[in-house]
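All heavy atoms count here, side chains included; hydrogens, waters and symmetry mates do not.
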Amino acid sequence: MKTISRLSEIAIVICSHGSNNEKFKSDFISFINKIKEVFLGYKIFYCFIEINSPSIEQCLKRVSKDYNKIIFVPTLLFKGKHYTEDIIEKIQELILKYKIKLLITKGIKLDSELVSLSMKEIGEKIDPTKNNLLITISSSSNNSKVMYDLGKYTNKLSKSLKINKSIFGFFGNEEDIYKNIDDIISDKNFEKIVLNPLFLFDGFLYQTTTKKFRLKYRKKILITPPILKNKGTFKTFVREINNELLLFK
């Protein structure tokens, strides 16, 4: 029988995809430290889907020795393969294996919460009376729901910003996106091309995407920072953790 600390019997586990990029690592640790500052009464752990250590199983094996209640926080925007297979399916197995109670945070709502946050960030930097073009780009996925969610987010954001032209696509398909952009702007004078990269952290995907677009479109490009640079996004993660903590109490 496990010996559980009654003072802090609930542990919080933050899960990220993982990356060898040094900026990603520093950004992720900064996020962990901010979470620790908010949840002072709880032990915070972290794990990765791939590349970095500890893995999800390594982490939960360690945590389950001292805690039987866990709040699991995926730092993912989309519910694609990594979410459904690498997190949900794997965690269901580990719950039974380690005999733990585990709740998974729901994450930020793309078509409402994130649209609202992005609208405030972009809206003050563009002139809605002029022609602007919105580009959204996320990590690549073969999951149809990811494509649907990305398109829905893009359409809602463009309407909220009163931008009548928008394009969405995946990392790795930049040439197709460039062609679509050039076709749209070729016969019109566009004030700004607004690039909204949907990456939480300032890692390889964000850096590579922004560098490519900045070199190609230069002064016409307006690029939003990584999603977690927006204070509202961090507050959303905090709120979601608090919601799950209430279910355990």
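In K165, the NZ atom is not crowded: 12 or fewer heavy atoms of neighbouring residues, nucleotides or ligands sit closer than 6.0 Å. A 6.0 Å sphere centred on OH of Y217 holds more than 12 heavy atoms belonging to other residues, nucleotides or ligands.
Using a cutoff of 4.0 Å between basic side-chain nitrogens and carboxylate oxygens, K43 and D66 are not scored as salt-bridged. E37 and K34 are not joined by a salt bridge, as no carboxylate oxygen comes within less than 4.0 angstrom of a charged side-chain nitrogen. By the 4.0 Å N-to-carboxylate-O rule, R239 lies close enough to E113 to be salt-bridged with it. Look at E191 and K220 and you find no salt bridge, because none of the NZ, NE, NH1 or NH2 atoms lies under 4.0 Å from a carboxylate O.
Ring orientation note: the planes of F39 and Y42 are nearly perpendicular, at an angle over 60° on the 30°/60° scale. Note: F28 and F48 have tilted aromatic rings, judged against thresholds of 30 and 60 degrees for the angle between ring planes.
When I122, N196, V194 are each tested for a side chain to side chain contact (heavy atoms under 4.5 Å, CB included) with L161, only one passes: I122. Of the residues listed (I14, L103, I56, I12), the one engaging F72 in a side chain to side chain contact (heavy atoms under 4.5 Å, CB included) is I56, and it is the only one.
Side chain of D149 to backbone of M147: no donor-acceptor contact under 3.5 angstrom is found. Formation of a donor-acceptor pair under 3.5 Å by the S116 side chain with backbone atoms of S112 is not found in this model.
Relative to the ring axis of Y178, K216 places its NZ or CZ within 45° and under 6.0 Å from the centre.
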>> I'd like to know whether K106 forms a salt bridge (Lys or Arg N to Asp or Glu O under 4.0 Å) with E240, so could you lay out the CA-CA distance, the side-chain angles of the two residues, the decisive distance to 0.1 Å, and finally the verdict.
In response: CA-CA 7 Å; K106 294 179 175 60; E240 290 297 321; 5.5 Å; no

